[in-house]
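Quick note: residue numbers are just sequence positions, from 1. Because the structure is a prediction, the values reported are computed rather than measured. All values below were derived from every heavy atom in this structure, side-chain atoms included, with hydrogens, water molecules and symmetry-related copies excluded.
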Amino acid sequence: MSGSVVTLSSGQIVHPADRLREFIELAKTQIDTLIPHHAWGDLVWRVGDSFLTKGQNRDSRILAYVNRDATISNTQKVTGEALHPAIIEFAKAYCRYLHATSPVTFENTRKRLDAVQLIETAFRQLRIQPAIENLNVVVLNKAVEIAREGVGPGRHYQFAMCIQQVHRFCMDRQFLNAPFQWKHGIRKPKDRTQEIGTAAKEWRERKLPSPEAFHALAHIYRNAETTRDRLFSAICAICVAIPIRAHEVLQLRNDCEVRGKTKSDGGEDIETYGIRVWPGKGNPPQVKWVPTQMIDLVQEAIGRLREMCSAARETARWYEENPGVLWLPPHFEKHRVSERLPIGELWELMQHKPNGNLSGRNVTAAWARQLGIENDSAGRKKPMQNVSLRSLTSIMLSWMPKDFPHYNGETDQLYSNTLVVLFENELFDNQTVPFVVEKATVQALEHWLSGHDNGRRPTVFQRWDFTERDGSSIIITTHAFRHWLNTVAQFRGMSELDIAKWSGREASQNKAYDHVPSTARPQSQSSRAINRQRDPFGPTNPAYCSRRKRTNIPDYQKCPPHSRPRGNVAARR
């Protein structure tokens, strides 16, 4: 018996692999988020401009479509292999499509990619040919198991949720050859703010700065000499007085101070002082009133920042009025005619110091050569006399912030009216570039507080030889100040609404910042004693008065209209 096998097919049948190809083609050609179309084939996507995060260095944000065995250095150098060819195109389409339809923060976008990488790793470890349409329960369970490696329960649960989202995404679009229902099965970690016991107490205290950290910061603030220490210690002084986010204090406007008067319970006039802040999380501008005990400190810190950054603000204003022209000091304007700037005067501007056997002038010449600035030196052996002003202008203006002159893209805020504006590399000795202005970033503040590069760059506490009481390293983050102020407010009996308004968020978000043990509620004499022990400024809380002894202060009706929050809620100290 002989014959042939005929495959029955219908034009109405669409195979999962075909649907997957159509999805990838859609994301590749019809969606224009994250990266330009011509960059689709790149292994590393530079996506900083797609995420507006105030006070952050967006240029360092990348999505690297490599497997989990690859490494990414601090300079975004990727070492390792790409995702499997059958997975990588889906990974790119998945990230790009979801960013267009359901945009989230960069961190959560990165978790979306992590989920696909975990699935690809599971395929390889199970020795199954990687292909999204071949997803099955075994592969997904293996991916969740791999996600546990090197992370805590909270992070593991987040990865498991992202893996589940990939499965649901594929199910909804009929990408799977054998559809199936699946849930990750990882239990959500308990809310640690509600736990009691020694371990819970230690966890809460790790969230809060220790008295030793506050004492160290106070000493550094009073004795700092370098630009970096003077600037960041002044920023910390503001953070310990009002619950302000790192990016909010870095983007304060030059006219951020608000002064007023109110009446005390006894009818006496009281001077009030606040800082106008543009909060994050979609909240409107508001005035954060400074506690009376902290007014002098905050006024001094604001004054220091205003004075330190005055020259950079003036240069920014000059650029705003003269776009496309390189700033020069008034006595250097004469060189615009010849379009040549003598190397000696460039050295005077750059303030390069001798380095080894090189004089300061030769260091400046080497700097110009390294950047490719045109000059009258035929080679390295011939001394440089002049640099081309046109070439210097082209290179220096290319270094200006992408959002200049509008700070963080805000149409009503210019660099020239921003409190903290710096010259390029001003935070590092002997490297200031007076032709270029830049913003202070949250990363720079974090590195100052917590160190960087796996300990090779020490924390400010290590440089100043400060430690905790037991000799261990002082560890503190930019967000720790908000945790501390909110916890103090909870100890002192503030309402959830007042705490939320003061902090610039919704009341439902207070829980994450509340590290008061449940056994300490309602406030008792013992909790006040604990508070006094943790309060480095003494027994009187600098953030809030007790609600039983609250002092009258001006309400929002006495403030500029744009500083009033929603609702008729009085500002609390």
Side-chain angles (χ1 to χ4, degrees), residues 150-155 189-226 228-229 232-241 243 246 294 297 444-492 512-521 523-543:
V151 300
R155 189 77 168 176
K190 294 181 179 179
D191 184 358
R192 301 195 68 177
T193 62
Q194 302 299 318
E195 294 181 7
I196 60 175
T198 303
K201 179 177 179 291
E202 292 176 352
W203 174 81
R204 279 190 289 269
E205 290 188 349
R206 284 197 299 271
K207 289 281 188 178
L208 306 176
S210 66
E212 286 70 30
F214 280 118
H215 293 152
L217 287 172
H219 178 87
I220 294 166
Y221 175 78
R222 290 301 176 193
N223 297 279
E225 296 181 354
T226 65
R228 185 168 51 155
D229 286 350
F232 287 141
S233 63
I235 288 173
C236 289
I238 298 171
C239 291
V240 299
M294 305 293 285
L297 173 63
L445 176 57
E446 289 173 342
H447 294 166
W448 182 79
L449 279 171
S450 308
H452 184 45
D453 203 10
N454 295 323
R456 285 188 284 271
R457 296 186 183 182
T459 70
V460 62
F461 306 106
Q462 291 170 334
R463 288 193 291 105
W464 283 77
D465 199 24
F466 283 107
T467 64
E468 296 286 5
R469 186 173 301 178
D470 61 0
S472 61
S473 299
I474 295 176
I475 299 176
I476 188 172
T477 65
T478 58
H479 222 52
F481 302 115
R482 280 171 62 83
H483 282 270
W484 177 74
L485 284 171
N486 278 252
T487 300
V488 170
Q490 292 282 355
F491 263 125
R492 292 305 175 101
Y513 296 85
D514 178 8
H515 303 294
V516 180
S518 58
T519 55
R521 296 187 178 90
Q523 184 171 329
S524 61
Q525 293 296 329
S526 61
S527 68
R528 291 194 184 97
I530 294 172
N531 186 41
R532 286 196 292 271
Q533 293 173 8
R534 292 201 58 80
D535 186 348
F537 298 106
T540 302
N541 173 16

From Cys236 atom SG to Ile476 atom CD1, the distance as rounded to the nearest 0.5 Å = 6.5 Å
About how many Å separate CH2 of Trp448 and OG1 of Thr459, when rounded to the nearest 0.5 Å?
-> 9.5 Å
Hey, could you give me the CD/OG distance between Gln462 and Ser450, rounded to the nearest 0.5 Å?
-> 10.0 Å
Set of side-chain hydrogen bond (donor to acceptor under 3.5 Å, both in side chains) partners for Asp470, sequence neighbours left out = Ser472
Interatomic distance, CZ@Phe461 vs CD@Glu468, rounded to 0.5 Å, equals 8.5 Å
Report yes or no: do Trp464 and Asn223 form a side-chain donor-acceptor pair below 3.5 Å?
-> no
Pairwise distance CD1(Ile475) to CG(Leu449) - rounded to 0.5 angstrom = 12.0 Å
Closest non-hydrogen atoms of Met294 and Val240, given as atom of the first, atom of the second and distance, are CE-CG2, 3.9 Å
Smallest heavy-atom separation, Ile474 atom then Ala213 atom, equals CG2-CB, 3.7 Å
Gap separating the CD1 atom of Ile220 from the OG1 atom of Thr226, nearest 0.5 angstrom | 10.0 Å
